[in-house]
Amino acid sequence: IPLKLTIKVKDDVLFNIEVDDSPVEDFLLARGSEKIFYGEKQYLINAGNKNLIDLTLNGTAINFPNGNKEDIVTNFTINAQLVE
């Protein structure tokens with residue numbers, strides 16, 4: 001099943017995303033914007049502030065794991081298991 005990842009941000013957020021085995025992509029999403037990615041297996045995400053990010057995978061909301069104080073997202077893997 002193809003994986004459609006939608007990222008929406010409440011403010012400017014810097015991202016670093018690897019889709020499947022593609023080269024890593026670095027980008028800044030500006031406040032209020034959204035970006036859609038299509039993949040087959042998984043996404044690996046690094047991002048600046050998880051509190052500013054809304055993620056959906058194939059229409060299902062994805063929650064970031066809790067953990068660090070800085071709210072930085074490090075090597076967060078998103079795959080089909082998260083929405084099964």
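- Side-chain contact between Asp26 and Ile17: absent, with no pair of heavy atoms (C-beta onward) separated by less than 4.5 Å.
- In this structure, Phe37 and Glu25 have side chains that are in contact, with non-hydrogen atoms separated by less than 4.5 Å.
- Scanning both residues, Pro2 and Asn58, for their nearest heavy atoms gives O-ND2, 3.4 Å.
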Are Leu3 and Leu57 close enough, and set up right, to give a side-chain contact (heavy atoms from CB on, under 4.5 Å), and what steps lead you there?
-> CA-CA 7 Å; Leu3 299 175; Leu57 184 65; 3.9 Å; yes

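- Ile36 shares a hydrophobic cluster with Tyr38; the chain of contacts runs through ILVMFWY side chains whose heavy atoms sit under 4.5 Å apart.
- Using a 4.5 Å heavy-atom cutoff, the side chains of Asp54 and Ile62 are not in contact.
- Within 6.0 Å of the NZ atom in Lys4, the count of heavy atoms belonging to other residues, nucleotides or ligands does not exceed 12.
- In this structure, Phe27 is a member of the same hydrophobic cluster as Ile53, with clusters built from ILVMFWY side-chain heavy atoms closer than 4.5 Å.
- What you find for Val24 and Glu18 is that their closest heavy atoms are CG2-OE1, 3.8 Å.
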Residue pair Arg31, Asp12: steps toward the salt bridge (charged side-chain N to carboxylate O under 4.0 Å, His left out) verdict = CA-CA 5 Å; Arg31 171 196 297 251; Asp12 297 358; 5.3 Å; no

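- Between Phe15 and Leu29 the shortest side-chain heavy-atom distance falls below 4.5 Å.
- Evaluation of the salt bridge (Lys or Arg N to Asp or Glu O under 4.0 Å) rule for Glu40 yields no partner, not counting sequence neighbours.
- Counting only heavy atoms from C-beta outward, the side chains of Leu55 and Thr6 never approach each other to under 4.5 Å.
- Taking every heavy atom of both residues into account, Val13 and Ala47 meet most closely at CG1-CB, 4.3 Å.
- Within the 3.5 Å criterion, the main-chain N or O of Gly39 finds no donor-acceptor partner in the side chain of Asp20.
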Distance-only donor-acceptor hits, side chain of residues 75-83, under 3.5 Å, sequence neighbours excluded:
| residue | atom | partner | partner atom | Å |
| --- | --- | --- | --- | --- |
| Asn79 | OD1 | Gln81 | N | 3.1 |
| Asn79 | ND2 | Gln81 | OE1 | 3.4 |

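- In this structure, Ile45 and Val73 have side chains that are in contact, with non-hydrogen atoms separated by less than 4.5 Å.
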